[in-house]
Amino acid sequence: MIPLTCALSVQKKYDFPIDTYILNEIYKKIIGNEAIGLFFSLDAIFKKNKDNRIELIAFLKKENINNEKFNELKAKLESVDLIGAYTSESNDLLVILNQTKRIEEVFSNNEFNELLKSKCEQDEYEELKYRFDLFIPQNFINISSDISVLLEKNNIDTDLFKIENVQREINAYFKRIVIMPQEIKNLLINNWTVLGEEKIISLLTSLGLENKNEIIFDFNSLSSGINNLLNIGNNVLIIREAQLWSQHNFDQNKKNEIFNCYRSYAAEEYLGKIFPEELTQRIKKIFLNLRYSGIKDEVINMMIDFTLNKCHNLQSEYINKISNTIKAKGLNTIEKLYDHLTFKSNKNNEFIDKNYLVINKNIDW
C-alpha cells in the first residue's frame with residue numbers, strides 16, 4: 001500500500017492528446033468507468049499543476065476515494081498499459097501516462113483482443129470489430145506517417161479540421177448551415193483536449209438556440225456548460241427522486257438540481273451513470289435518432305428518468321411514444337415536457353413507486 005504521506009507526480013513522455021473515443025469505446029469495456037475516470041484525473045494533474053505534483057492524500061480527498069480503491073484502479077490502468085507507476089526511495093509516487101493503442105492495434109494485438117472479447121457480449125464485440133477493424137493483415141507493419149506531420153510541415157492549422165468536422169455534425173443536427181463566431185470556435189479549441197469532440201458536439205446541440213431561422217450560441221452559456229463538464233468529478237451527484245413525477249408541489253430547489261443534472265450530460269453519459277446495463281447499442285441508436293429529429297439531450301435525459309421510474313427499464317416503445325408526443329405538441333424543453341408528464345401522470349392517477357430508483361449516486365469517472 002502506498003503511504004498517504006507521499007507526493008504524487010504525473011508525467012508524460014510528451015504532451016500527447018488523450019484519445020477519448022478509444023478510451024470510452026474500447027478501454028472502458030475492459031477496465032470500467034472508475035479506472036478511466038482516474039486516468040482523466042491524472043491527466044488533469046499533468047495539465048493544471050505547475051510542477052505536475054500533488055500530495056497523494058489531497059488527491060484522494062479530491063477524488064473521493066480511499067487508498068485501497070486508488071491502488072485497485074491504478075492496477076487496472078497498469079494492466080492495459082495506460083500508465084506506468086514507480087516509487088522513489090522516499091516513497092513518492094511517479095505515474096507516467098501512456099498513449100492508448102491506435103485503432104489498427106486494437107484488434108491486431110492478440111492479447112488485448114482476447115481481453116476485450118472476454119468483457120463484451122458477442123453482438124457487442126462484433127459491432128466494435130466491424131467499426132474498428134481496418135482489415136490489416138497481422139504480418140504487416142504500419143509505416144505510414146501521420147497526416148499531422150505533413151500539416152505541421154506546411155504550417156497548416158490542424159484546429160481548422162477539428163472545427164470543420166464539428167460544423168458538419170452540427171449542420172446535420174439542426175438541418176441547416178450554422179454560423180459559429182470566431183470567439184465560439186476559440187473557446188472550443190481551447191478546451192478540445194480535455195473534452196473531446198463527442199462532448200463538444202453534445203454541448204453545442206443542447207445549447208443551440210433558434211432565432212429568426214438562425215441557430216445561435218450564447219458565449220456565456222457555452223462557457224458555463226464547458227466549465228460544468230470540466231468540474232464534474234466524484235463529488236458530483238446525479239440526483240433523482242421518484243416523487244418528482246407524483247407530487248404536485250415538488251420542492252422547487254430540488255427540482256432545479258434535478259433539471260441541472262439533465263442539462264449536464266449527454267444522454268449516453270446520463271444513462272451510463274444511473275443504469276449502465278440499459279446502455280445497449282440499440283438504445284444508443286435510438287438516442288442518435290432522437291437527436292436528429294431535433295430533441296435535445298436534456299429532454300432525452302428527462303425521458304430516460306421518467307421511463308425508468310414508470311417502466312422499471314428503458315422500454316424503447318415507451319421512449320418512442322413520448323418522442324412522438326414531444327414532436328406533436330412541441331414539448332422541446334424540459335420544463336414543457338415536465339409539465340405535460342406530471343399532468344398526465346396525476347390525471348390518470350399513475351403514481352410512481354416511490355421506493356424504486358430514488359438515487360443520490362456518486363459518479364465515478
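Taking a 6.0 Å sphere around NZ of K119, one finds it holds 12 or fewer heavy atoms contributed by other residues, nucleotides or ligands. Few gaps surround CD on Q252; more than 12 heavy atoms of other groups in view lie less than 6.0 Å from it. Within 6.0 Å of CD in Q182 there are more than 12 heavy atoms belonging to other residues, nucleotides or ligands. Counted within 6.0 Å of CG on D251, heavy atoms from surrounding residues, nucleotides or ligands total more than 12; the atom is thus considered enclosed. Counting heavy-atom neighbours within 6.0 Å of K327 NZ, excluding the residue itself, gives a total above 12.
Closest of all the heavy-atom pairs between I286 and S316 is CD1-CB, 3.3 Å. Closest non-hydrogen pair, C311 versus Q315, comes out as CB-NE2, 3.8 Å. Closest of all the heavy-atom pairs between D297 and A267 is OD2-N, 2.7 Å. Among all heavy-atom pairs drawn from V10 and L42, the shortest one is CG1-O, 3.4 Å. G330 and K336 make their closest contact through O-CD, 3.8 Å (heavy atoms, listed as atom of the first residue, atom of the second, distance).
Using the six-membered ring where Trp is involved, Y265 and Y270 have ring planes that are tilted, between 30° and 60° apart.
Counting heavy atoms from C-beta outward, F59 and F70 have side chains that approach closer than 4.5 Å. L188 is listed as a side-chain neighbour of L204, based on a closest heavy-atom distance under 4.5 Å. The side-chain heavy atoms of I274 and L308, taken from C-beta on, include a pair separated by under 4.5 Å. Between F287 and L279 there is a side-chain heavy-atom pair separated by less than 4.5 Å. Counting heavy atoms from C-beta outward, Y262 and L337 have side chains that stay 4.5 Å or more apart. Side-chain atoms of D43 and K12, non-hydrogen and from C-beta on, do get closer than 4.5 Å to each other. Using a 4.5 Å heavy-atom cutoff, the side chains of V299 and N332 are not in contact. Looking at D92 and S9, their side chains never come closer than 4.5 Å, going by heavy atoms from C-beta outward.
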Practice item. List the steps, then state whether salt bridge (Lys or Arg N to Asp or Glu O under 4.0 Å) holds for K69 with E34. Key: CA-CA 10 Å; K69 186 68 173 179; E34 292 178 305; 3.0 Å; yes
**Study point:** Check against side-chain hydrogen bond (donor to acceptor under 3.5 Å, both in side chains), N67 and N71
**Key:** CA-CA 6 Å; N67 199 7; N71 281 281; 3.1 Å; yes
Check your understanding: Could you go step by step and tell me if I31 and L82 meet the side chain to side chain contact (heavy atoms under 4.5 Å, CB included) rule?
Key -> CA-CA 11 Å; I31 60 176; L82 281 175; 4.1 Å; yes
Practice item. Under the side chain to side chain contact (heavy atoms under 4.5 Å, CB included) rule, what do V80 and L115 come out as? Steps first, then yes or no, please. Key: CA-CA 10 Å; V80 290; L115 188 58; 4.1 Å; yes
Exercise for review: Give the intermediate values and the outcome of side chain to side chain contact (heavy atoms under 4.5 Å, CB included) for residues Y27 and L77.
Suggested key: CA-CA 9 Å; Y27 282 85; L77 291 171; over 6 Å; no
Practice item. Quick one: do E335 and R263 satisfy salt bridge (Lys or Arg N to Asp or Glu O under 4.0 Å)? Show the steps, please. Key: CA-CA 12 Å; E335 290 79 10; R263 295 187 179 100; 2.5 Å; yes
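Rounding to the nearest 0.5 angstrom, the gap separating the CZ atom in F275 from the CD1 atom in I283 is 11.5 Å. Y338 OH to F259 CZ: the interatomic distance, rounded to the nearest 0.5 Å, is 6.0 Å. One distance of note links CG of L244 with CG of N309; it measures 8.0 Å at 0.5 Å rounding. Between the CD1 atom of I304 and the CD atom of E278 there is a distance of 10.0 Å, given to the nearest 0.5 Å. Interatomic distance, I36 CD1 to L73 CG, rounded to the nearest 0.5 Å: 10.5 Å. Once rounded to the nearest 0.5 Å, the distance linking CD1 of I26 with CZ of F112 reads 6.5 Å.
Ion pair K74/E78 flagged as a salt bridge, since at least one NZ, NE, NH1 or NH2 atom sits closer than 4.0 Å to an Asp/Glu carboxylate oxygen. For K284 and E124, the salt-bridge test fails: no basic side-chain N is under 4.0 Å from an acidic carboxylate O. The pair K101-E25 does not meet the salt-bridge criterion, since no charged nitrogen lies less than 4.0 angstrom from a carboxylate oxygen.
Applying the side chain to side chain contact (heavy atoms under 4.5 Å, CB included) test between I295 and each of L331, N289, L290, I322 identifies L290 as the sole match.
Using a 3.5 Å distance cut-off with no hydrogens or angles, the side chains of E257 and N253 do not pair a donor with an acceptor. Side-chain atoms of N313 and Y318 form no donor-acceptor pair, as typed in the model, at a separation below 3.5 Å.
In this structure, the side chain of N324 engages the main chain of N320 through a donor-acceptor pair within 3.5 Å. A donor-acceptor contact shorter than 3.5 Å is absent between the side chain of D305 and the backbone of N301.
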